[in-house]
Structures are given as structure tokens and as C-alpha cells.
Amino acid sequence: MTSRVKSLTKILSSVVLTLLGLSIVTFLIGRVMPVDPVIAAVGDNAPEEVIVRVRAEMGLDQPLVVQYLHYLGQVLHGDFGMSVLTKNPVAVDIARVFPATLELATGALLLAALIGIPLGVWAAVRQGRLVDQIIRIVCLAGHSVPVFVLSLLSLLIVYAKLGLAPGPGRQDILYDGMITPVTGLLSIDTLLAGDLGAFCDALAHMAQPVIILAYFSMAYITRMTRAFMIDALKGEYVITARAAGLTGTRVVWGHAFPNVAVQLVTVLALTYAGLLEGAVVSETVFSWPGLGRYLTNALMNGDMNPVVSATLLIGTIYVGLNLLADLLYRLLDPRVT
Amino acid sequence: MISRRNLLIGGAVAPFISYAGIFSASADTPRDILVVAQQIDNMTSLDPHESFEAVGGEIISNMYQKLVRPNKDDPSKVDAQLAASWSADADNKVFTFKLARQTFSSGARVTAEDAAFSLQRAIKMNKGAAFIINQFGFTADNVAERVVAADAETLVLTTDKPTSIAFLLYCLSANIAAVVEKKTVLANEVNGDMGNAWLQKNSAGSGDFLLQSWKASESIALQLNPHGPYKGNLKRVLIRHVVDPSAQLLLLQKGDADIARDLTSEQLQAIEGDKNFVRITRTIASLMLMSLNQNVEALQKPEVWQAIRWALDYDGMQKNIVPMTHKVHQSFEPEGFPGAVNDTPFLKDVEKAKALMAKAGYADGFDIVMDHYSAQPYPDLAQAIQASLGAIGIRVQLQAAENRQVLTKMRARQHQIALSAWGTDYFDANSNAEVFCINKDNADDAKSKPFAWRSHYKNDDFAAKAEAARDEKDPAKRIELYEALQREFMENSPFIFLFQTQKNAVCSTKVTGFRLGVLSEGNSYSETIKA
């Protein structure tokens with residue numbers, strides 16, 4: 001067996017074990033939580049005989065191990081069970097809500113990286129000067145002001161007072177039900193449908209939550225970039241480059257930044273994973289039907305099939321992005337084998 | 001060629017384009033579409049013979065009709081809906097309904113066969129709310145003989161024992177008795193589910209609207225039933241799930257929503273007097289109460305129940321904490337229900353409460369734990385109760401939890417005191433009288449577990465009186481019996497009723513005719529018009 005195959009086997013085993021562990025922990029937490037999922041299904045006022053019957057129908061009268069093994073068997077066959085709340089297969093629900101979160105998270109990450117990385121580099125180059133202080137304050141505000149405050153303020157000022165952007169929701173009522181979901185990403189589906197008005201409407205609805213989430217993520221990316229760059233700029237190769245008479249821009253972007261890029265990959269991957277988890281607060285304030293809100297609502301109602309399935313999805317995303325970061329490490333840094 | 005700097009600047013600026021007004025925010029909603037901002041995430045089904053929660057109940061009652069419905073203004077009356085007339089035999093066991101001419105959204109006429117099928121379906125499926133009609137002796141085995149269509153226009157129900165017609169009619173006004181189109185439902189039956197899976201997300205009714213779409217936790221779109229009774233100008237009702245009340249208010253203020261359904265007291269106060277909005281208020285059948293578990297020794301004495309009643313500052317809590325969302329209410333029947341007692345005899349009287357504590361042998365008080373919902377206004381009210389009870393020596397430790405956790409704990413009979421809410425199931429005084437008064441078996445493994453059972457409370461005298469009131473044939477006498485029972489119960493039971501919820505809907509002035517009911521089934525768009 002070659003070392004590459006061994007390495008791949010090791011990675012895959014660790015992924016499977018991680019997901020298995022995650023499913024056990026989530027399942028157990030769900031089942032020992034002091035919320036009776038039957039109440040979510042039949043209501044608090046339902047007579048006892050109905051509650052007993054529905055509990056049996058949901059398999060909740062079985063021992064915990066039996067329940068878990070049954071669930072695992074279903075999942076391995078691609079069946080994530082039904083949601084008590086929506087009466088849909090969980091896979092269908094997740095296919096509906098995840099693209100909404102994916103759209104937000106991707107937009108926010110792109111924006112955050114596009115602004116945050118140059119700002120971080122600039123702050124490092126101008127370390128201790130006015131620019132650095134201003135960037136520090138901007139980032140501090142982004143990281144310390146709660147997202148729901150920023151979201152509500154944005155709605156109040158940009159939507160309600162100035163009328164520059166549409167309000168909560170993913171699309172205007174004029175387009176409700178008019179776009180056939182293909183990818184689930186409204187910005188793409190509207191283009192596929194050839195409806196420019198709906199496309200612009202989708203982008204406009206995305207703008208506020210994307211900018212708020214981007215601001216929050218940008219603060220972190222900027223601070224990390226600054227810290228990495230300050231270290232890099234102290235490197236002997238930077239001094240050598242300067243001594244060789246290269247321009248400041250060339251030294252910073254051509255020599256120091258490529259060394260920082262490796263570390264930034266991890267920062268960006270984790271930030272993206274965090275955003276994909278579902279920005280519950282932003283999704284709530286902006287009435288955005290995404291994964292975070294779906295998961296929270298299911299959790300509050302003891303609807304455990306969606307909770308376990310969504311957690312597995314999030315776990316898979318984390319593992320996947322970590323793997324991607326590892327691969328990019330190898331591409332960006334020849335020292336890593 | 002684009003320079004790197006310009007590319008970066010361009011990338012950063014692109015998302016702000018929307019703010020430049022290129023993608024302008026939407027204007028007012030179209031005249032024939034009513035947009036409602038509402039929390040709808042707890043809705044689990046739109047099958048009328050399955051749904052048993054508030055939002056689903058409201059939507060269903062706008063899509064389906066029943067034989068009768070409660071009068072919107074006078075709770076002592078029921079109005080005909082699908083039924084044109086009804087009568088009872090001399091024994092009060094056989095009830096005959098003559099149907100009026102109504103049409104399903106498919107264009108087919110509503111027949112007695114559809115009505116019989118619907119009641120039979122509700123009984124056979126036996127979901128959460130089926131008990132409302134199976135208490136008349138209908139079972140899966142006998143319903144085919146006891147609920148029959150004598151001809152296309154005549155429905156005959158036979159109960160297992162003499163029944164008060166008032167009681168029967170009130171129960172038949174619940175959504176569980178909604179009439180669905182037999183042919184359409186059976187055409188969508190899968191694996192003998194009587195069309196349940198299909199009807200959860202579709203409609204087959206004769207009400208004002210039909211279901212266009214339901215996207216869970218996102219939106220519900222209702223479309224005008226072209227054959228239905230609605231006479232206004234609305235073509236669609238779009239209910240958008242907006243969780244945050246602040247966002248609901250902003251949508252209303254900007255004209256992107258016509259009605260906001262879940263505004264808080266602070267927000268209601270903020271727009272009070274604003275001529276752009278009209279606030280519709282209705283006390284609904286949801287009571288906030290303290291349940292004293294009778295397996296706790298200190299809570300077993302009637303003097304302690306009384307002491308707690310006299311220690312609380314009902315008016316103070318109402319005015320300072322829940323001024324626009326609750327009103328003081330101290331009996332077990334909600335205002336707006338037939339026979340409800342709206343007297344509020346208990347006031348804060350610390351000396352009287354202390355004397356009662358001393359009489360109970362607890363002059364030095366005792367320690368107790370009170371569970372309460374974590375959502376506002378419960379934490380604020382719990383603190384006020386803690387302070388009031390502290391003044392008479394009862395040292396209360398508060399335990400907040402998500403409401404389903406509190407309910408689960410109560411169902412397990414593990415609370416000491418619980419501050420929670422109770423919503424009435426159907427529009428008859430028996431609904432609450434039964435759950436608070438009739439607990440026949442107080443054992444942990446009892447077959448029937450009414451609300452009183454959760455607090456280990458069993459009182460055979462109250463049970464007998466509640467049953468007598470339920471079975472009383474004379475409607476006026478029946479009301480008198482319920483009133484007497486409530487007065488006795490509020491003086492002498494371990495359930496302390498504090499408030500009744502007031503539901504508010506704030507409408508744009510363009511909207512008229514929207515109605516809130518005492519039960520969510522009464523929330524109606526049937527008279528709503530948009531200018």
C-alpha cells in the first residue's frame with residue numbers, strides 16, 4: 001500500500017469516526033433533552049391515548065439504543081426521517097433551507113475576504129499609525145456589537161428610514177411562487193428563469209444580511225491577517241527584499257503575503273464553516289428561511305430528526321472544509337507533504 | 001485592463017449597489033393581495049382532522065366550513081354555516097341537520113355524504129382533536145352507523161346517550177368537524193391514510209379561500225375560492241413568517257405588510273394613537289395560571305391556596321408588565337365563552353394573606369420552586385410573583401425553561417408551582433371545566449390525564465358538578481351551573497388564574513373587516529376588504 005493510499009484511508013476513517021461520534025452525541029442530547037417531541041406532534045392538549053399511540057408510532061417507546069440503531073440504519077439508506085413540524089422528509093427540508101444559508105454565507109465570506117484581507121495587510125504595514133488605529137476600532141465594533149443589534153439598526157435605518165433596501169424576507173411578494181427552484185439559490189434560479197427583475201430583487205434582499213454577516217466576519221479576518229502579516233514582515237526574506245531595492249508594494253504582496261496566505265486559508269475555511277452553520281440571529285431578524293432557523297425551531301420543539309440531520313450536515317461541512325484547507329496547504333506551501 | 005486596486009474597490013462596492021436605489025425597495029402591497037406578517041413556525045398540518053394548534057386552526061377555518069360556527073359577537077349563540085337547520089328527537093339522542101346549498105372549491109356541491117365522510121374520517125383517524133367529537137360515543141367501529149347521510153341534504157347523528165344540543169353544536173363548531181370534499185380526499189389517499197398526507201399540504205374545502213402553497217416557516221399563500229362565500233376584493237392572502245416583532249412593525253410601517261400579528265406591548269404602545277394604523281384587540285381563550293402541585297405538603301392546605309390568591313398584585317402586574325397583551329381574569333372559563341365569569345374578586349391584601357398563612361400553620365412561610373416559561377412576559381411576572389409571595393413568607397426559587405420543557409415537567413407531575421398558560425380546546429364551557437374539574441383517577445398510570453391530574457388534584461364534588469352542567473339540557477340552566485362552578489372553583493382550588501391573553505392585530509388603515517376570535521378558529525378574513 002502506498003503512503004498516499006494509507007494517508008487517504010486514515011483521513012476517511014477519521015471522517016467516518018467523527019461523523020459517527022457526532023451522530024451519537026447529537027442523538028443522545030436530543031433524546032435526553034427535557035422536551036417531549038410528541039407534544040410538538042399532537043399538541044399539549046391531546047388526550048393521553050393519542051399521546052401514547054403517537055409515541056409508539058414515532059418509535060419513542062423503544063430503548064434508546066434501538067432508537068439510535070434504527071435511525072442510523074435509516075441514515076445509511078439515505079433516509080433522514082420525517083420532520084414532525086413540517087411533515088416533510090428531512091432531506092427535502094434541508095435541500096430547501098440549506099441553499100438559502102449557502103447563498104448568505106458565500107456572499108458574506110467573499111465580501112469579508114475582499115475587504116478584510118487588504119485592510120489587514122494595510123493595518124500591518126502601517127502598524128501603530130492612525131490607519132491601523134482606525135481599522136482596529138472598525139474591527140472592534142464589528143466583532144463586539146451583537147449581530148442582532150447591527151441587523152435591527154440596519155433594518156431601521158436602511159430599510160425603514162431611508163427606504164434604500166427591501167425589508168425582511170428572501171424575495172418580494174410579487175415574485176412569490178413565480179421562480180421554480182432548480183439550485184435553491186435564488187440568485188442563480190432567477191437568472192436561470194431569465195427574470196432580471198426577480199434577480200435584482202433577490203440580490204437586493206440579500207444585501208443587508210450579507211453585509212451585516214460580512215462585517216462581523218471581516219473584523220475577524222482583518223485582525224488575523226494583520227497579526228500574520230506583522231510576523232511575516234519581520235522575516236529576514238522581507239529585509240533582504242527591501243535591501244534588494246524592491247518597491248514596498250512588491251515586498252508586501254509579492255513576498256510577505258504569499259507566506260501569510262497559507263495561514264489565511266484556515267481562517268477563511270473556519271469562518272465559512274461558521275457562517276454555513278447558519279447565522280441564526282441574522283436569519284431570524286431578516287426572516288431568512290435558512291438552516292440556522294430551521295435547526296433552532298426544530299430543537300425548540302423537540303423535533304429531533306431535523307436536529308440530528310442538520311448537525312450531521314454541519315459536521316460534514318466542517319470536516320470537508322478542514323480537508324479542503326489541508327489540501328490547499330499542500331498546494332500553497334511546498335514544505336507540507 | 002482592470003488594475004488590482006480597481007478590482008478590489010469594485011468588489012467591495014458591488015454589494016452596496018442595492019443601497020443606491022437601483023434595486024428599489026418595494027412599494028405598497030397590491031390592492032387585491034393582503035400581506036400579513038405573522039409567526040407561523042409552529043404549524044404542523046393543514047388537515048382539519050389532524051391540526052390542533054393555533055395558527056393551523058386559523059388557516060383551516062378560512063378554508064373550510066363546518067355545520068355551524070360560534071356567533072362572532074354573542075358567545076351564547078351558534079350560527080348556521082353549512083347547515084340550514086337542525087333538530088333533536090325527544091330523547092336528545094338523534095340529531096338531524098339539513099344542509100344549505102354550498103360549493104367546494106372544485107365546483108362540486110357540498111352534500112350530506114361529504115359531511116358524514118368528514119366526521120367519520122375525523123373519528124377513524126383519531127388525531128389530537130378527535131376527542132372533541134368522540135365524546136358523544138362515536139368510535140371507529142360504530143361511526144359509520146351513527147353518522148349517516150339520509151339523503152344528499154340530510155345528515156343524521158346518533159349519540160350514545162341523551163345529549164345537550166347546545167353542547168353538541170358547540171363541539172361541531174370546532175375545526176375537527178370541518179367538512180372536506182370526499183371525492184378529492186379519497187382520490188389522494190395513500191396506503192389507507194384517508195388522504196391525510198395530501199391534505200396536510202393541500203385543501204379540499206368550501207371556505208372563503210383555498211390553499212395555494214405552504215412553505216413551512218416561510219409563508220402560507222391562500223387564494224380566493226371562486227365558488228366560496230367571500231364577497232370582498234381580495235384575490236390572495238399571503239401570510240409571511242416574520243419571527244421578530246420589530247421586523248413585523250417595520251414591514252407594516254413601510255407598507256410591505258398590511259397586518260402585523262405579533263407586536264409586543266412596547267411596540268403597541270409606540271404606535272398607539274398613530275392614525276396610520278388600526279389596532280384590533282380580542283381577549284382569547286388562553287389563560288395564564290399558577291398550578292400548585294398537591295404532592296407538595298405545604299401546598300395542600302386550602303388556606304395556602306387562598307393566601308397566595310390574596311398576596312398577588314394582579315392589577316400592578318397587569319398595568320406594569322402586560323398592559324396591552326393581558327387582562328386580569330380569575331375564573332377558569334375565558335371571557336368570550338358561554339358562561340364565563342368575569343368577576344375579579346381577589347386583590348392584593350398582604351395582611352389577609354399573612355393571616356391565612358398563619359391559620360394554615362405556616363406563619364414562618366416555606367421554600368418552594370416555581371417553574372415558568374423563559375419567554376417574556378413570564379420571567380417578569382414570575383419575579384413580581386416571587387416578590388409578592390416573599391411578603392407573606394413564601395420563599396420562591398424561580399426556574400425558567402423553554403415552554404415545552406415546562407410542559408413536559410408538568411406532564412411528569414414533577415413541578416411544585418408552575419406558572420404556565422392553558423389554551424381552551426373548543427368553544428364550550430365543558431372544554432375547560434373538564435380539564436380542571438374532572439380527574440377520575442389520580443394514579444400515575446391513569447388512562448386519562450387532564451390538566452388537574454398533572455398537579456395531583458382530584459375533587460369529586462367539582463367533577464360531579466362539571467358533569468351535571470355538561471349534561472344539562474336547558475341551555476340557560478346549563479350556563480347557570482357553569483357560573484356557579486367557576487365561582488366555587490376560584491375560591492377553593494389549587495389553580496390560581498391570573499390573566500387572560502389579549503391578542504392584537506395592527507392593521508393598515510387600508511384594511512377593514514379583519515376579525516380576531518376568542519379561539520384562533522375565529523380569526524377570519526371573510527369580511528376583510530382592502531382599499
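This one's a predicted model, so the numbers in the text were calculated from it and none came from an experiment. All chains are named by letter (A, B, ...) in the order of the sequence lines, taking the proteins before the strands, and each is independently numbered beginning at 1.
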Give a yes or no answer on whether the side chain of R413(B) reaches the backbone of W453(B) with a donor-acceptor pair at less than 3.5 Å. yes
Please check this pair: side chain of N202(B) against backbone of W198(B), looking for a donor-acceptor N/O pair closer than 3.5 Å.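 It does hold such a pair.
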Name the member of [options] that forms the most heavy-atom pairs with chain A at distances under 4.5 Å.
options                          : result
D244(B), T44(B), V35(B)          : T44(B)
M43(B), E53(B), Q200(B), K215(B) : Q200(B)
I33(B), V406(B), V243(B)         : V243(B)

Turns out that what part of I51(A) lies under 4.5 Å from chain B's heavy atoms comes down to side chain
So what's closer than 4.5 Å to chain B heavy atoms on V54(A): side chain, backbone, both or neither?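 For V54(A), neither part sits under 4.5 Å from chain B.
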[Y] side chain reached by [X] side chain, heavy atoms, under 4.5 Å:
X       : Y       : answer
W422(B) : S291(B) : no
L238(B) : Q212(B) : no
I176(B) : F52(B)  : no

Please classify the contact between [X] and chain A as side chain, backbone, both or neither, with a heavy-atom cut-off of under 4.5 Å.
X       : result
V242(B) : both
S219(B) : side chain
K447(B) : backbone
Q405(B) : both
S246(B) : side chain
E50(B)  : side chain

Pick whichever of V84(A), V52(A), T86(A) has the most heavy-atom pairs under 4.5 Å with chain B.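 Looking at each of V84(A), V52(A), T86(A) in turn, T86(A) comes out on top.
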Determine the option with the most heavy-atom pairs under 4.5 angstrom with chain B, choosing from L162(A), L110(A), N88(A).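 Between L162(A), L110(A), N88(A), the count favours N88(A).
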Looking at R240(B) and E218(B), is any side-chain nitrogen of the basic one under 4.0 Å from a carboxylate oxygen of the acidic one?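 Answer for the salt bridge query: no.
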Carboxylate-amine/guanidinium proximity below 4.0 Å for D371(B) and K409(B): yes
Any luck finding a side-chain donor-acceptor pair between D201(A) and Q171(A) under 3.5 Å?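 Their side chains do not contain a donor-acceptor pair, so the 3.5 Å distance test is not met.
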Pairwise distance OG(S431(B)) to CD1(I132(B)) - rounded to 0.5 angstrom: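 Spacing of OG (S431(B)) from CD1 (I132(B)) equals 7.0 Å.
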